[in-house]
*Asks:* 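Here you go, one structure.
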Amino acid sequence: MAEQWFKQSDWQPYDFQVNTWDAIGKGYSGLLNAPTGFGKTYAIWFGVLQQYYKKQKPGIHCLWITPLRALSKEIYMATERVSDGLGLSYTIGLRSGDTSLKERTQQKKKMPNGLITTPESVHLLLAAKGYNDTFKNLQFVIIDEWHELMGTKRGVQIELALSRLKAINPELKIWGISATIGNLEEAEEVLLGGYGGKRTMIRTNLKKRIEIETIIPEVIEKYPWGGHLGIKLMEEVLPIIHKSNSTLLFTNTRSQCEIWYQRLLEREPDLAGAMALHHSALSDETRLWVENALHEGILKAVVCTSSLDLGVDFRPVDTVIQIGSPKGVARFMQRAGRSGHQPGAISKIYFLPTHSLEIIEGSALRHAVTHSEIEQRVPYIRSFDVLIQYLVTLAVSDGFRANETYEEVIKTHCFNSVTREEFNWCLLFITDGGSMLEAYDEFHKVVIENGLYVVTSKRVAMRHRLGIGTIVSDAMIQVTYVGGGRIGSIEEWFISRLSPGDSFWFTGKNLELIRIKDMTAYVKRSAGNKGAFPSWQGGRMPLSSQLSSTIRMKLDEYGKKKTDIEISSLSQLFEEQKMRSHLPHNDELLIEKIKTRDGYHVFFYPFEGRNVHEGMASLFAYRISQIKPMTFSIAMNDYGFELLSDQEIPVEEALGNALFDSSNISADIYASVNISEMAKRKFRDIATIAGLVFNGYPGKAVKTRHVQANSQLFFGVFTDFDPNNLLLQQAYDEVMTFQMEQVRMMQALQRMETQHVIIKDLEKFSPFCFPILTERFREKFTNEKFEDRVKKMLEQLDRA
DNA sequence: GACCTGCTGCGGTTTG
């Protein structure tokens, strides 16, 4: 079958494709690791089709799960093309949030043989009565982009769905498709779970060639020590855009995206119409238009955020520019791969540093990419919120029996350590609302009828189906033209700072606010050229540990041997650092001290990413204050952190007193950081996923602050009266794992214990500490004042 | 010498 297809289409299959057909034919489950653009879809698809034709049965034969609706559509088209091209009667269907009601009803009557879908839609199918019947002939489940899903709660959803499907058909074959990550073996284990059966991993040595070029400022002495926009290098970007057919410019934040777009357009008005913007706050219509235009090759440049990381391939794109640190090797490679999307083509990516020291990352990235040193994805474990949601899902449809479901659930990687007591707690939680909420009918969602856990209330069932999924997002204000036409969405708090008549930049347009009504901001185009750039409160990505350690290694190379152009271009900065302070080697830990009229500053440079630095700064502040009572203010970036106090900080004494001790950090962290405040924030998502708070009906989202208030209420009640509540525990665990990055902090402390500590008393700020200083002022002061402060700081610097 | 910060993903229409 495959041979026939390849004869028709006139290309030769790769080894990995043949191996995959083979393995599927021999009844294996497995993980396929291959780069994009080499035909992974066909590698799996022919294997699946071949099996179908041996033993045709009605209904869904194969479930193909992808993380993106857009990707589902692409797979749908590719698989249908094959099936049509070979004249097969294998029917293929698509099911996701934007599948029409009509199509769904048709599917209900007669399911296609291959269903392309998303993790959420699979759970919705499990929430439908008679799903057992729907899946009774299911033979294959394919998880596409498993590396994307694994480290998320959506990955947990997949694990749970598989545990159920595997119980319906123990012969079910599971195949994952994954890009290269640091823990592929684990990825396979997590996906295939604790089931028997033959399994294999198929890898290929085919590699996408990536060429990295750092854009180095011509006069490096004039490049700022701090900052994050990188606009200063715009002049270097224009020729790159011009000489390429089509360029993607990746920025780290949505507002940075808007600013770059605007500045490019001001500088080069001819780009109007040939350049576009793409990020998640833009309306779907706008985004779709941009994606299509990219496809057709009518755009010269698109400024975007991660929103274009994944998904549909844009063959006309031949150049990618990464503005600012990509924060991780995998993300950088992913973005590089958006260009040269044909087998054998080279992906060209430029790295544009936003401040001097960041130039070093260009060199670190090249090293990591060449040596395939890619981050791991850490799978979630014991996500009770997802488990609770899943149990209610099963209760909404055909109901479940406790023993059976417990046995199924503990076969997953996520829940294999869950005890029967803990599982019983979850059962109690969905039937009685747990020990605390017993009195409230609202939380008696599930009832037990003859040993079967079921939802009998229609209202409960419907509200549950509405809430299926693990992605929790804030309610946003919609932005719409007065005359109609959706533009996108902006955070409530940003728009609330504006008054009618004020203008702001959005979608690359200058907009004037007319009025706000019902969570919608009505605007019109403004002739003006002034206005604020919106800021959204998104996630904060810390530098990955992979990239951090490569940066430390590259720093160490300076002056030792012939090294990359990035490192040598930094010689002036490094010499300045040496002169004012010290340039640390790999076995050294630099601590800088300086006294200004703001107080006593101490800087540490572990290069471990801002999350670890935040935790470590609080930890050190706490430990030092045990020696001598004092208060600190804290600032950090991805490279280091600062402690500032109005009294002299006894660093030397603290060092002699096990400042870096890693043996007892949990207790010290609990004492030093306001963990409960952080847990409260995490708990909001957990409460939503577990179905404790209702996010509202579609189009009528409950205001963010209401969700916040409700979840805080539960958090308070549980803390006071039910401290063993598993969801509460989970919130704390998530803080320690993801916010504090506890494991990484331990490793960093252990490393620091072995390093040679070098303490320098500075007379003037060093190139290392300057960017951290500016971070701190930002937290305390508004932008205008920020500039004043920097000016004052400079005056002081000059006098020093 | 020295500007602005903070990603993405899915789901889907009742009742007070």
Side-chain angles (χ1 to χ4, degrees), chain A residues 66-72 95-99 101 104 117-124 127 145 148-149 152-155 157 217 219-232 250-259 263 279-281 304-311 324-328 331 334 354-356 458-473 505 532-542 572-573 576 610 637 694-701 765 767 770-771 773-775 778-779 782-784 786-787 789-791 793-794 797-798:
Chain A
T66 83
L68 260 71
R69 288 183 301 228
L71 218 53
S72 299
R95 190 180 184 114
S96 69
D98 34 41
T99 305
L101 198 65
R104 278 184 215 194
T117 182
T118 61
E120 288 78 8
S121 287
V122 174
H123 276 251
L124 280 162
E145 313 270 359
E148 275 298 322
L149 291 165
T152 71
K153 289 186 182 176
R154 301 179 80 196
Q157 273 187 298
V219 192
I220 204 152
E221 293 76 33
K222 290 211 172 136
Y223 206 57
W225 284 2
H228 70 272
L229 281 178
I231 288 285
K232 279 238 152 40
F250 281 100
T251 60
N252 280 339
T253 70
R254 287 170 278 190
S255 72
Q256 190 182 16
C257 184
E258 294 273 345
I259 294 170
R263 290 297 166 85
H279 59 72
S280 67
C304 61
T305 61
S306 306
S307 55
L308 287 185
D309 268 3
L310 270 181
S325 170
K327 310 278 182 186
R331 186 177 296 107
Q334 176 71 44
T354 53
H355 62 260
S356 297
K458 272 197 162 166
R459 183 183 136 88
V460 168
M462 205 249 343
R463 281 170 59 132
H464 178 75
R465 277 196 295 266
L466 280 174
I468 282 181
T470 59
I471 300 168
V472 183
S473 27
W505 290 99
F533 283 97
S535 68
W536 289 266
Q537 298 189 304
R540 300 197 303 206
M541 327 167 241
Q572 199 265 347
L573 183 96
E576 191 80 39
R610 56 177 308 135
N637 64 11
F694 183 56
N695 256 344
Y697 292 98
K700 275 194 181 170
F765 294 134
F770 193 83
L773 272 169
T774 57
E775 293 271 339
R778 242 214 4 254
E779 279 178 20
T782 67
N783 291 341
E784 285 168 345
F786 171 80
E787 277 165 34
R789 290 302 299 212
V790 171
K791 257 184 215 131
M793 211 154 77
L794 294 175
L797 183 70
D798 290 338

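What you see is a predicted model, and the numbers here were worked out from it, not measured in a lab. Every chain is numbered from 1 and lettered A, B, ... according to where its sequence line falls, protein lines coming before strand lines.
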*Asks:* Nearest to the side chain of A:S535, heavy atoms from C-beta on, is which of B:dC4, B:dG6, B:dT8?
*Replies:* B:dG6

*Asks:* A:S72: what forms a side chain to side chain contact (heavy atoms under 4.5 Å, CB included) with it, not counting sequence neighbours?
*Replies:* A:T66, A:L94, A:I116, A:T118

*Asks:* Between C1' on B:dG12 and CG on A:L101, what's the gap in Å once rounded to a whole number?
*Replies:* 10 Å

*Asks:* For A:H355, enumerate each residue passing the ring pair (Phe, Tyr, Trp, His ring centres under 6.0 Å) test, keeping only those at least two apart in sequence or located in another chain.
*Replies:* none

*Asks:* Using a cut-off of under 3.5 Å, enumerate the N/O to N/O pairs linking the protein to nucleotides 14-16 of chain B.
*Replies:*
from, atom 1, to, atom 2, distance (Å)
B:dT14, O2, A:Y697, OH, 2.6

*Asks:* Figure out the NE2/C1' separation between A:H123 and B:dG12, and round it to whole Å.
*Replies:* 17 Å

*Asks:* Taking only residues two or more places apart in sequence or in another chain, which ones pass side-chain hydrogen bond (donor to acceptor under 3.5 Å, both in side chains) with A:R69?
*Replies:* A:D98

*Asks:* Holding to side-chain hydrogen bond (donor to acceptor under 3.5 Å, both in side chains), I want the full list of residues that pass it with A:K327, two or more places apart in sequence or in another chain.
*Replies:* A:D638

*Asks:* Under the side chain to side chain contact (heavy atoms under 4.5 Å, CB included) test, which residues partner A:L229, sequence neighbours left out?
*Replies:* A:I231, A:Q256, A:I259

*Asks:* With syn defined as a glycosidic torsion within 90 degrees of 0 and anti otherwise, which applies to B:dT8?
*Replies:* anti

*Asks:* Who passes side-chain hydrogen bond (donor to acceptor under 3.5 Å, both in side chains) against A:T251, sequence neighbours left out?
*Replies:* none

*Asks:* Within the 4.0 Å heavy-atom criterion, would you say A:G227 contacts the bases, only the backbone, or no part of the nucleic acid?
*Replies:* sugar-phosphate

*Asks:* When the distance from CG of A:L229 to C1' of B:dC3 is rounded to whole Å, what number comes out?
*Replies:* 7 Å

*Asks:* Please tell me if A:H355 has a side-chain N or O lying less than 4.0 Å from either OP1 or OP2 of B:dA2.
*Replies:* no

*Asks:* Given atom CZ of A:F250 and atom C1' of B:dG6, what is their separation to the nearest angstrom?
*Replies:* 17 Å

*Asks:* Residues two or more places apart in sequence or in another chain: which of them pass side-chain hydrogen bond (donor to acceptor under 3.5 Å, both in side chains) with A:N637?
*Replies:* none

*Asks:* Hey, does A:K458 reach any base, or is it just sugar-phosphate, or nothing, if we go heavy atoms under 4.0 Å?
*Replies:* nothing

*Asks:* Could you list, one pair per line, each protein nitrogen or oxygen that sits under 3.5 Å from a nitrogen or oxygen of nucleotides 9-11 of chain B, together with the distance?
*Replies:*
from, atom 1, to, atom 2, distance (Å)
B:dG9, OP1, A:R287, NH2, 2.6
B:dC10, OP1, A:R69, N, 2.9
B:dC10, O3', A:T118, OG1, 3.4
B:dC10, N4, A:S473, OG, 3.1
B:dG11, OP1, A:G97, N, 2.9
B:dG11, OP1, A:T118, OG1, 2.7
B:dG11, OP1, A:S121, OG, 2.7
B:dG11, OP2, A:R69, NH1, 3.4
B:dG11, OP2, A:G97, N, 2.7

*Asks:* So A:I471 and A:E120, do their side chains get closer than 4.5 Å, heavy atoms only?
*Replies:* yes

